[in-house]
Structures are given as C-alpha cells and as structure tokens.
There are 2 protein chains.
Amino acid sequence: MSKQDRISWQDVQNEVRQRISQRDWKPGEYIPHEAELAQEFGCARATVNRALRGLAEAGLLERRRRAGTRVALNPVRRAEFAIPLIRAEIEGKGQRHTHRVCLREMRLPPPDVQARMQIPAQVPQLFVQTLHLADGTPYVFERRWINTSAVPAVEGADFVTYSPNEWLMREVAFDGGDFTFSALTASAAEAEMLACSPGEGLFVLDRTTHHGGQVITSVRLVFHPGYQMHTRI
Amino acid sequence: MSKQDRISWQDVQNEVRQRISQRDWKPGEYIPHEAELAQEFGCARATVNRALRGLAEAGLLERRRRAGTRVALNPVRRAEFAIPLIRAEIEGKGQRHTHRVCLREMRLPPPDVQARMQIPAQVPQLFVQTLHLADGTPYVFERRWINTSAVPAVEGADFVTYSPNEWLMREVAFDGGDFTFSALTASAAEAEMLACSPGEGLFVLDRTTHHGGQVITSVRLVFHPGYQMHTRI
DNA sequence: CTCGTAAATATGTTTATACATATTATGTAT
DNA sequence: ATACATAATATGTATAAACATATTTACGAG
C-alpha cells in the first residue's frame, strides 16, 4: 500500500518477507498458495507470483509446481558482490588511479594456464604484468594472459592509455567469466611490487573471461595488504 | 522458440543477450523500445519487458523511463556467490564434517567488535571459538561473538551437537548480513589451530548477522591454506 | 499389493488492456 | 533567450484470462 490504493508486488513481498523473518512461517513450512494469498492481499495472482518469484530467486523460498511454496530451510544462501573494476573502485574512494605496465611479452603459458585457457600447447600467448596504484601507492598487481588468437588486435596495444582490462573491455565482447577468490603468501617479487613485506597474506582474485566458447583472458589480481571486498544482503 | 510455437521471454532474453555479446548493439547504444521489439519477435510487450528486466538486473542493460533502454557501458558488474555453509560445503565434497568447540565464555568485546555489533560498552558477550574439520583435517577456524541480550537462549547452548552457526540458524531468525572478504597472515595461534605454518596467507570471511535492527552475531572465519571461493557468471 | 494411467492442483508463462510514473521534448509567456 | 507549464513517450505495474507444465494423488487393472 505504498503510493496508490492498489497493492503492489513490493507490498506483498515485504509482507511475506516479514512473516518469514518473524517466523510466522517457519523454515520448511508450506505457505498458502498464490491464489489464496492473492485473495488475502486483495490483488491478482500475477502480483503474488511476482513477489514470491523474487523471494525464491533470493533463496528465501522454495517453490515446486503442484507441491507449493515453502520457506527455505537454510534461508539466504547467496549474495551478490560487485565485480571489482579497478579504476572505478579507486576513483570511487576519491583517489587517483594510475597504472604501470611492468612487462609485456609473448610467452609460453605454463600448463595450468594453458589448461584453464583451453588453448593448444606450445603456442606463446601475450603475457602482461601491470601494477595499479591509488594516489601513487600500490593497490593491486595483475598478471594477465591474453589469448592472442582470440584477440589478434591486441598485438598493437601498448596498454599505456588504457590498462589491459580497460582495453579489453573496450575492444572485445565477452559473455561469461569464472571467479576464484583466495589468499596467498606474498613472495619476494610480489612484496616488492606491492611495497609490503614478503610473507604477508594477500587477497587474490583469479578471473577467466570467455566469449563464445573461447577464453579471452585469464588474470590473477593480487591486492595490497588490508584489501577488503564487501557485500551485504 | 524452445518448446511451443509461442515466443517465450527466455527466447527474447537469449536473442538480446546474443546481440549484446556480438556487439550488434554496442555498449552505450540505445536499443529499440519494448513495443518495437515485441512486434519484431511477435510477442506481447510484457514478454519483452520480462526479458529486458532480467538483463537490467544482471547489469547488462540500463533502463530509464521515457529515455529508453541501452546497453551498459561496463557490462557485467555483479556476480552471485554462494554463502558458505561449512557443513554443507564439506559434505558436498564428500568429506565428513566435525567440529570442536575450543573456547566458550562470557567476555568483554574489544571496541571494534562492540562498534560493529552496536551494543553498549562494558557488557560481556558470549565468545566462542570453534574449529571445523573435514575428514579430520582443519578446515576453518571461527571466532564468534553472540549478542546475548538479543539471543538470551544461547546461555544454555553448548554447541556440541550443533555448531554455533547451526544452532543459531535453527533457533533465531535473521534478515540481513554484512560480508567482508579479506586475507590475513597466520599468527602462531591460528597456525597451530589450522595446522599450517605461521606467516601463511589465509582467506578470511567476516560476517555480521542482523535481525530487526539488532546484531545477532559477528563471526570471523579463517580458512585453511589453499581455500578457494568460486563463482561464475 | 503393485504398477501404470488418469485426474487434480500449484506454479509458470503469455496475452491484451489499462493505467502509473519518470523523464524528455515542446511550446508558450515573459 | 529563459523559465515554466504541458504534452509526449518509454518503462513500470496491475489485472483477468487462458493455457502450459511439473508433480502429486487417486484410481483401476492386473
């Protein structure tokens, strides 16, 4: 009952969410079916459907045809996070983003990278190391492999005006990606890059980006000590 | 055109997704409006709306009333991840989950925890340290604060049959949470708990769980070396 | 009693229609 | 030209109706 006198799907969703949260409807229990709720709330079934569908997508409800809708046993099983876009992330904090290409060469990828990128063996690929800085202090160090047969135009890119990621975002399309978050212990090389002590625990994001079945690029981002990724539900 | 001869919203969504991915419609460009697409695909506007709404939620499209719909400049900006439920995660790998409560006492929370939990100063809270094991090897070490005034029943819980998280999931409702992912360098105590070397980089998840404006619990999960969190889009 | 089939039922989807709302474009008065 | 009211327009939402689909229940033949 927000604006008009009509009941909106948001109204229904809020009410249902509250009933779950207050445990009027307990985990595992079946809730009334759509038609019944529609009558209770005085709205169309489609409106209830819209509301419940959203809650099911969020993992709060489990729905099955004929069986009905019930409150999930383990409520809230997924959350969303923002994919870090380095420049946006840094500028969003009011800092200035710069980057420095440390290395750019054709190189034979190690077996694990070759497997992950699903590329033939013994074919050199473009390897780029870049350091991103926020107000001049190291922010994240990236080691990137680029599939040169999928992105031939990359041969002519020097990644000075645009960082590798920015260049790729502008030049090539992609339709999927794999993300792996982990931690590693800073090696001497990484410590020097990120201006921290060797042995420090660092946050790592490995990302592999696809387009049309092909792997475009595979990158490891090693963040500065103290980096945090945040989300809420 | 999957099953029937009718066009489904999924058909429309796939087609649009493809046009974006193939850059028939380029980032920043406006796409035809719903009525136009409905005519092109031979379906109702509601069907197109459903398709485009989903893509907008995924961050692929940006929609504004009157202005229209355009392809997002930075396509794909968010991804979903599964919130780790220790037991489910371990058993999902075919391993056996056990846990050991190492410490359980009332204790005065340090200032940062007190602030995060939005509780009055100088009031002791329940503090529990638990080690979770997979097939007997340390998996994750948790340090948890529980708001005893929000969950008075916790006084009588020994967390032997149910681990703290499982107990809380069963006993109390919650409606929101904060998640922070980071990395830390293993201290001597953490190294001993997780049977790793001090100084190793470890993956950390800090989670604060709310219900009705109150903080229920705040926990730090320190994972074993090599732990990974995975997701894809 | 068992197995397979038919009926029942709750959710899922599509459609046409109507109206709401945000935002841009237009036009008019000053 | 500028400011402001007004029209135009694309998306957003609500509804009733019809049908699709998955899944369970009931039933009947053997």
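Order of the sequence lines sets the chain letters (A, B, ...), proteins ahead of strands, with each chain counted from 1.
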Applying ring-ring contact (aromatic ring centres under 6.0 Å, His included), can you list everything that pairs with B:Phe141, at least two apart in sequence or on another chain?
none
C:dT11 pairs with, by Watson-Crick or G-U criteria that keep both distances under 3.5 Å
D:dA20
ring-ring contact (aromatic ring centres under 6.0 Å, His included) involving A:His132 - partner list, sequence neighbours excluded:
A:His97
Can you list the residues that meet the side-chain hydrogen bond (donor to acceptor under 3.5 Å, both in side chains) rule with A:Arg232, with sequence neighbours excluded?
B:Asp178
side-chain contact (heavy atoms from CB on, under 4.5 Å) partners for B:Val172, two or more places apart:
B:Val151, B:Leu168, B:Ile216
Residues 49-58 of chain B, side-chain donor-acceptor partners within the protein, below 3.5 Å, at least two apart:
from: B:Asn49; atom 1: ND2; to: B:Glu34; atom 2: OE2; distance (Å): 2.9

Interatomic distance where CZ belongs to A:Phe41 and C1' belongs to D:dT15 [whole Å]
17 Å
N or O in side chain of A:Thr47 less than 4.0 angstrom from D:dT13 OP1/OP2:
no
Where protein sits on nucleotides 5-13 of chain C, one letter per nucleotide: B base, S sugar-phosphate only, - none, heavy atoms under 4.0 Å
---BBBBBB
